[in-house]
Amino acid sequence: MARLQDTSQRGGIDIRDLSMTYRRGREVTQALSACSLTIPEGGWASLIGASGCGKSTLLRILADIVQPSGGSATLGGMTPAEARATRSFALVSQQSVLLPWRRMLENVELGLEVARADRAERRRRAEEAIELVGLRGFERAYPHELSGGMRQRAAIARALTLRPRFLLMDEPFGALDELTRASLNFELLRILEETSATLLLVTHSIAEAIILSDVVAVMSPRPGRIVHKLEIGFGHHRTDAMRDDPAFAAHEAELRHALHGDPGVTRPAIREPAFA
Amino acid sequence: MSLTLSAGGAMAWRGAARVVPPALGLAALLAAWAVLTEAGIIAPYLLPKPSAVLAEILTNNEPLWRHGQLTAMEALLGFAIGNIVGVVVAVLMGWFPAFKRCVLPLALVTRGMPMVAITPILVLMLDRGLVPIVTVVSIAVYFPTLITMVRGLESADVEYHELLHSLSASRLQRLLIVELPAALPFLFTALKIGASIAFIVAITGEWVGASAGLGYLIVISGEYFKLAMMWSAIIVASGLTLVTLGCVMLVEKLLGRWTARGEGMA
């Protein structure tokens with residue numbers, strides 16, 4: 001497991017001029033166009049946009065599931081394929097993708113099982129992760145016996161067992177009700193503070209993007225491109241109270257305008273975050 | 001009946017609802033058989049009385065036992081070989097798509113061949129007896145298993161494959177962790193089909209290709225007008241099929257609590 005904590009290769013996520021074109025017969029769909037985004041190591045970024053704007057495509061490129069048509073994407077200096085081979089990132093998607101025939105504990109152990117960690121290590125780390133997401137006592141439950149929120153916690157626990165340097169999350173709470181979603185947002189914050197992972201989150205919730213990010217990138221509908229970047233100045237020790245902060249409402253308004261292509265966005269768009 | 005049924009009572013009621021109607025149907029069939037034969041409406045040389053068949057099973061069961069054992073062995077051996085070959089070939093097809101494209105059409109062609117017509121050919125090649133019967137049973141059983149398993153191995157949602165891909169899993173890990181467990185309910189469907197096919201094909205195979213077994217006993221008893229023995233053999237053959245089917249269903253129940261529900265819930 002030593003290579004998972006390799007410190008020689010440092011760095012965040014670097015996306016440069018990424019583009020993606022799908023061809024089906026004569027029909028050509030431009031899913032992504034010249035997307036650039038830099039997330040420093042340990043930083044938290046969100047991609048927000050209407051459904052079908054290509055934000056999932058961007059994440060799938062980083063996860064080495066699809067290959068981009070142009071541009072480059074690196075995680076800690078590695079190509080997505082290298083990052084996948086060294087198990088440097090973990091992917092959490094909207095569907096928890098738990099194997100229905102495995103108990104929750106066995107599902108959480110999956111990543112380590114695939115990485116051929118020994119049994120004791122597997123069990124220890126899985127229990128640690130289960131503790132962290134607050135699922136103690138449900139280890140022996142089958143996925144269909146868990147609520148949607150619990151399944152999603154299990155998926156996050158599974159992602160954490162490999163101690164990934166990069167967490168790629170594709171609408172992880174998109175299928176949950178508002179209340180569960182809000183509480184899981186703050187739980188994820190707590191977990192993120194305990195790990196030092198770099199986060200790239202895809203979401204269509206403005207509030208979720210602000211709560212969980214240092215920088216929010218707004219994407220336009222097809223062809224997906226980043227039209228606006230907003231720095232969230234809340235630091236990394238966040239609490240529920242942040243939602244009552246006037247700055248939160250201001251961020252919310254700005255993102256809402258950017259999302260809806262409102263020409264009356266009063267503040268000039270931040271072209272590049274200060275740290276890029 | 002009280003309006004508030006306890007859970008146990010409701011379960012017993014549902015159990016009874018599943019057992020009682022077929023039992024009634026069977027009783028009605030036996031009653032009709034008894035009435036028609038005892039009253040002489042159907043002559044005993046066409047259909048023996050149920051009492052005569054029962055007496056035959058109780059008193060003269062040595063040939064039933066001997067031939068039944070042989071048929072059971074042939075059917076179960078063929079069942080095992082056919083299923084193993086079917087599963088292995090399906091896994092190979094999933095692993096090597098080119099192999100699948102070459103072999104699957106051929107497998108579909110063997111499906112069209114009538115098993116009864118194949119037996120004499122197998123007898124010519126392999127001589128009479130156990131070997132050709134086991135072979136023909138294997139051929140008949142392997143096909144539904146192959147087709148069902150090919151579909152079963154493909155049944156897992158693409159999300160599971162993407163998950164394993166993102167975890168950098170090997171091809172073998174994908175097979176063992178996702179594809180095979182997902183195919184398990186499909187396998188049991190195939191096993192249930194195969195269980196009845198195995199006995200039917202073994203018995204028809206024995207008509208042409210053997211000098212022993214229940215199929216042979218049925219033919220010989222018919223030729224000598226030993227109708228009670230013939231019907232006893234038919235009943236034993238159906239009994240063997242049902243027992244095998246029951247075993248498959250029991251294993252399925254013990255093994256797959258998730259197959260009945262929760263499937264597809266991620």
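Given the structure is predicted, the values throughout are model-derived calculations rather than measurements. Each chain gets a letter, A, B and so on, in the order its sequence line appears, and its residues count up from 1.
- A donor and an acceptor atom, one from each side chain of A/Asp170 and A/Ser56, are located under 3.5 Å apart.
- Between the side chains of B/Glu206 and B/Thr71, a donor-acceptor pair is found at a separation under 3.5 Å.
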Practice problem: Assess whether side-chain contact (heavy atoms from CB on, under 4.5 Å) is satisfied between A/Arg165 and A/Thr198, documenting all intermediate values. | Solution: CA-CA 6 Å; A/Arg165 288 174 56 195; A/Thr198 307; 5.9 Å; no

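- Of the atoms belonging to B/Leu164, it is side-chain heavy atoms, and not backbone ones, that fall under 4.5 Å from chain A.
- Per-residue counts of heavy-atom pairs under 4.5 Å with chain A were compared for B/Ala169, B/Ser166, B/Ser170; the largest is that of B/Ser166.
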Quiz item: Would A/Thr203 and A/Glu208 satisfy side chain to side chain donor-acceptor pair (under 3.5 Å), going step by step from the backbone distance to the final call?
Solution: CA-CA 7 Å; A/Thr203 180; A/Glu208 184 168 280; 2.9 Å; yes

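- Residue contact with chain A, scored on non-hydrogen atoms closer than 4.5 Å, involves the side chain of B/Leu163 exclusively.
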